[in-house]
Amino acid sequence: VYAETPKEMITFNEFVSPRIYGEYWYDKPPMYYWLVAASYKVFGISEFSARFPSAFLGVLCTLVVYFAGRRLFNERAGIVGALVLTTSIEFFYLGKAAVTDMTLLLFLSLSLLAFIDKKYYWAYFFAALATVTKGPIGLLFPGAIVFSYILVTRNWALLKAMSIPSGLVLYALVALPWYIAMY
């Protein structure tokens with residue numbers, strides 16, 4: 001499914017409305033299909049090309065975890081965090097599978113790390129990309145995690161610091177155009 005749909009995007013020269021076997025298909029938003037279509041353009045249509053985005057983003061996610069761990073704690077924490085992530089069975093499997101999960105993981109991780117770094121607009125931006133990857137969980141997961149953090153720490157001032165109204169506008173500008181076009 002995740003290999004055929006980008007193939008049909010290229011065949012029909014239609015990169016907005018996903019199709020499978022000639023029929024429009026809206027099971028998932030298009031981010032992963034776009035990544036695979038780009039991979040097909042670069043490497044040709046093959047199993048390798050269909051799996052390449054997940055593998056590449058898995059490596060990128062490992063580097064993100066390493067550098068975040070190193071920056072937030074120390075070198076050892078970065079190495080151990082990246083090693084634990086990379087050797088996790090599910091992560092290893094998803095890193096070579098042609099599915100949306102690795103793309104989602106990277107964008108959610110970047111969104112939450114941006115929150116930790118108080119780069120709130122980047123957090124909204126990456127949550128929007130996660131939404132274009134797998135739907136509303138791209139906002140619901142980081143939103144629930146951030147809200148839980150605020151609830152536990154009772155740091156209500158973060159709600160103002162996060163510029164929620166303008167952040168949601170940024171989120172909507174990135175995440176909603178495809179959904180509006182499909183509606």
Side-chain angles (χ1 to χ4, degrees), residues 1-69 78 81-114 122-145 171 173-183:
V1 166
Y2 295 110
E4 179 63 28
T5 300
K7 212 183 314 182
E8 294 194 25
M9 285 180 156
I10 292 170
T11 300
F12 291 103
N13 198 29
E14 169 61 69
F15 294 91
V16 177
S17 298
R19 299 178 197 214
I20 189 154
Y21 307 116
E23 300 293 322
Y24 289 108
W25 187 63
Y26 303 105
D27 184 55
K28 294 280 187 286
M31 180 63 75
Y32 190 74
Y33 305 136
W34 291 338
L35 294 172
V36 174
S39 182
Y40 283 167
K41 290 284 192 178
V42 172
F43 302 113
I45 295 174
S46 67
E47 183 178 341
F48 169 83
S49 302
R51 295 172 185 264
F52 179 78
S54 285
F56 178 75
L57 295 178
V59 170
L60 194 57
C61 194
T62 300
L63 292 172
V64 165
V65 167
Y66 164 72
F67 285 114
L83 187 61
V84 168
L85 175 66
T86 305
T87 58
S88 298
I89 292 171
E90 186 77 10
F91 184 84
F92 185 77
Y93 170 76
L94 294 173
K96 61 184 185 123
V99 294
T100 61
D101 298 80
M102 193 59 70
T103 311
L104 177 68
L105 174 64
L106 177 65
F107 290 143
L108 290 177
S109 298
L110 288 169
S111 179
L112 291 170
L113 285 169
W122 283 108
Y124 292 110
F125 176 75
F126 287 120
L129 292 181
T131 301
V132 178
T133 299
K134 203 157 182 173
I137 64 167
L139 181 61
L140 294 177
F141 276 15
I145 292 166
Y171 169 86
L173 287 172
V174 175
L176 294 184
W178 180 80
Y179 289 94
I180 292 166
M182 292 306 94
Y183 180 74

- So, Thr131 and Tyr171: side-chain donor and acceptor under 3.5 Å apart, yes or no? yes
- Give a yes or no on this: more than 12 heavy atoms of other residues, nucleotides or ligands lie within 6.0 Å of atom OH of Tyr26. yes
- Query: What is the distance from atom CD of Glu14 to atom CE of Met9, rounded to the nearest 0.5 Å?
  - Reply: 7.5 Å
- So, for Pro53 and Ala50, which heavy atoms are closest and what is the spacing to 0.1 Å? CD-O, 3.7 Å
- Message: When you compare the side chain of Pro142 with that of Leu108, does any pair of heavy atoms fall below 4.5 Å?
- Response: yes
- With Phe48, which residues qualify under ring pair (Phe, Tyr, Trp, His ring centres under 6.0 Å), at least two apart? Phe43, Phe52
- Item | Within-4.5 Å side-chain heavy-atom neighbours: Ser54 and Tyr32 | yes
- Query: Do Val16 and Trp178 pass the side chain to side chain contact (heavy atoms under 4.5 Å, CB included) test, and can you show the C-alpha distance, the side-chain angles, and the key distance before you say yes or no?
  - Reply: CA-CA 7 Å; Val16 177; Trp178 180 80; 4.2 Å; yes
- Task: Return the set of residues passing side chain to side chain contact (heavy atoms under 4.5 Å, CB included) with Val174 (not counting sequence neighbours), or none when no residue passes.
- Result: Phe125, Ala128, Leu129, Leu170
- Message: I'd like to know if the side chain of Ser49 and the backbone of Tyr40 have a donor-acceptor N/O pair within less than 3.5 Å.
- Response: no
- Query: Do Leu104 and Ile137 have side-chain heavy atoms sitting under 4.5 Å apart?
  - Reply: yes
- Item | Phe141 side chain reached by Leu112 side chain, heavy atoms, under 4.5 Å | no
- Looking just at side-chain N and O atoms, do Thr133 and Thr103 make a donor-acceptor pair shorter than 3.5 Å? no
- Item | More than 12 heavy atoms of other groups within 6.0 Å of Ile89 CD1 | no
- Message: Nearest 0.5 Å, please: how far is CZ in Phe126 from CG in Leu110?
- Response: 4.5 Å
- Message: What's the separation between atom CD in Glu23 and atom CD in Glu8, rounded to the nearest 0.5 Å?
- Response: 9.5 Å
- Note on the structure: Taken to the nearest 0.5 Å, the spacing of Trp25 CH2 from Tyr33 OH works out to 3.5 Å
- Search all heavy atoms of Gly138 against all heavy atoms of Ala130 and return the closest pair with its distance. CA-CB, 3.6 Å
- Do Leu105 and Leu94 come close enough that some side-chain heavy atom pair is under 4.5 Å? no
- Message: I want to check something: taking the side chain as every heavy atom from C-beta on, are Pro6 and Phe15 in contact at a cut-off of under 4.5 Å?
- Response: no
- Message: Within this structure, what is the CD-CE distance for the pair Glu90 and Met102, rounded to the nearest 0.5 Å?
- Response: 8.5 Å
- Heavy atoms, side chains only, cut-off 4.5 Å: are Val36 and Tyr2 in contact? no
- Task: Please report the shortest heavy-atom distance between Gly135 and Tyr179, naming the atom on each side.
- Result: CA-OH, 3.2 Å
- Query: Nearest 0.5 Å, what's the CZ-CZ distance between Phe12 and Arg19?
  - Reply: 5.0 Å
- Asp27 and Thr5: CA distance, side-chain angles, deciding distance, side chain to side chain contact (heavy atoms under 4.5 Å, CB included) verdict: CA-CA 11 Å; Asp27 184 55; Thr5 300; over 6 Å; no
- Partner set under side chain to side chain donor-acceptor pair (under 3.5 Å) for Lys134, not counting sequence neighbours: Asp101
